[in-house]
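All remarks here apply to the structure that follows.
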Amino acid sequence: MQPITARSLVWYDSYHRTLPWRISPRERRLGAPIDPYRIWLSEIMLQQTTVEAVKSYFLAFTKRWPTVGDLGAASQDDVLRAWAGLGYYSRARNLKKCADIIVSEHGGRFPSDLPGLKSLPGIGDYTAAAIASIAFDVPAAVVDGNVERVVTRLYAIATPLPLAKTEIRMRMQALTPQERSGDFAQAMMDLGATICTPRRPACAICPLNDNCQALQSTDPELFPVKAPKKEKPIRVGAAFVALADDEIHLRSRVETGLLGGMSEVPTTQWTARVDGETGLDAAPFAANWIAAGSISHVFTHFELRLNIYKADEVEKAHVSGGWWVKVANLGDEALPTVMKKAIAAAVPDAFARRRKAG
DNA sequence: AACACGTGGTA
DNA sequence: TTACCAAGTGT
């Protein structure tokens with residue numbers, strides 16, 4: 001076994017993170033079984049998402065849907081409602097699709113090989129390798145953002161991402177042991193998350209500092225090299241919060257694209273700024289619309305600024321499509337964060353923690 | 001290859 | 001505040 005591999009595993013045995021979806025190396029040695037369902041669910045949730053953000057969602061999902069069969073029996077709408085706030089909602093749609101396929105075509109069991117895993121919706125190179133190695137002990141090369149950082153530093157790879165991906169994968173494959181491949185993958189990811197961090201890496205306490213070419217020759221913080229980011233355009237629009245007594249009007253977004261399948265208050269198109277336009281002329285139905293401020297929300301590839309309009313005592317008969325929900329029950333809806341912001345601008349206590357009456 | 005796709009935390 | 005970042009995938 002290569003020194004880097006051995007040192008990573010020794011470090012992991014003592015300093016691994018304890019996470020709700022993880023079986024510790026000690027538990028593994030004692031024969032604790034690994035549930036591929038929980039590994040899969042956690043890996044999907046962790047795509048581009050922080051561990052802290054995932055924890056409560058993972059616990060809620062596994063409590064409500066303990067097996068992939070339970071998830072297969074759920075409705076997509078229930079899954080989207082439970083996913084609301086976690087972002088990248090195509091993950092939730094693919095999660096449900098994948099569960100259905102596992103149930104209908106695989107007898108409720110996950111494939112244990114890379115091609116079988118990769119053929120499933122929402123599972124790409126990284127996730128297939130992670131599930132195969134962690135859940136099934138397949139010596140697959142697991143390459144995520146942490147591994148990219150650790151490996152480019154270990155070998156001082158100056159090729160910019162994503163071009164360097166092939167070389168990183170080859171290096172990682174060469175390091176991956178036949179035994180404990182899953183622990184090794186998690187060791188490299190934990191190292192990247194806790195020691196080999198993007199800024200101010202803790203090289204002095206790194207178990208691989210003797211092996212790190214970046215540390216020997218230059219500054220590890222210079223790796224990985226990435227292409228410069230593009231500027232975010234600004235898009236503008238208007239959102240309309242219609243109220244009737246204690247109920248608010250919602251509708252569903254189309255199934256695909258941004259926030260696909262999620263709930264929303266009616267909005268105009270989101271377009272590049274046009275001077276003088278407020279969006280009020282594009283109200284979804286006639287009502288006594290009152291300006292209720294504006295919000296800003298940053299997506300991955302653009303910033304959205306929405307003028308918010310509110311109308312009280314809307315005549316429900318004048319509104320077609322969508323549905324009405326009590327403001328107190330908004331927490332049960334599949335509302336993305338941007339929509340919660342829009343609603344909160346018009347109804348400031350919509351998402352406030354409910355106080356005891358009195 | 002390049003872009004679409006969310007959100008919240010950190011410095 | 002702006003900028004970057006976090007266990008990527010699909011097209």
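Residue numbers begin at 1 in each chain, while the letters A, B, ... track the order of the sequences.
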Short side-chain N/O contact from [X] to OP1 or OP2 of [N], under 4.0 Å:
{"X": "H297(A)", "N": "dG6(B)", "answer": "no"}
{"X": "Y89(A)", "N": "dT7(B)", "answer": "yes"}
{"X": "K229(A)", "N": "dC5(C)", "answer": "yes"}
{"X": "T337(A)", "N": "dG8(B)", "answer": "yes"}
{"X": "H301(A)", "N": "dC5(B)", "answer": "yes"}
{"X": "Q47(A)", "N": "dG8(C)", "answer": "no"}

*asked:* Whether the side chain of R17(A) and the base of dA7(C) hold a donor-acceptor pair under 3.5 Å is what I'd like checked.
replied: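 When only heavy-atom distances are counted, R17(A) does reach the base of dA7(C) through a donor-acceptor pair under 3.5 Å.
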
Return yes if the base of dG8(B) and the side-chain atoms of T49(A) contain a donor-acceptor N/O pair under 3.5 Å, otherwise no.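 Not at all, since no donor on one side and acceptor on the other fall under 3.5 Å apart.
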
Regarding [X], tell me which of base, sugar-phosphate or nothing describes its non-hydrogen contacts under 4.0 Å with the strands shown.
{"X": "P162(A)", "answer": "nothing"}
{"X": "R93(A)", "answer": "nothing"}
{"X": "W21(A)", "answer": "base"}
{"X": "I123(A)", "answer": "sugar-phosphate"}
{"X": "T300(A)", "answer": "base"}
{"X": "G257(A)", "answer": "sugar-phosphate"}
{"X": "G260(A)", "answer": "nothing"}

Q.
The side chain of Y88(A) is closest to which nucleotide in this list: dA7(C), dC5(C), dG6(B)?
A.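 Closest of the options to the side chain of Y88(A): dG6(B).
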
TODO: Identify, between K165(A) and P198(A), the residue whose nearest nucleotide on DNA chain C lies closer to the 5' end.
DONE: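 Between the two, 5'-proximity favours P198(A).
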
Check: Taking CG from L258(A) and P from dC3(B), how many angstroms apart are they, rounded to a whole number?
Finding: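 Result: 17 Å.
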
ask   = Would R17(A) count as a cation-pi partner of W11(A), with NZ or CZ less than 6.0 Å from the six-membered ring centre and within 45° of the ring normal?
value =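 The answer is no, since R17(A) fails at least one limit relative to W11(A).
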
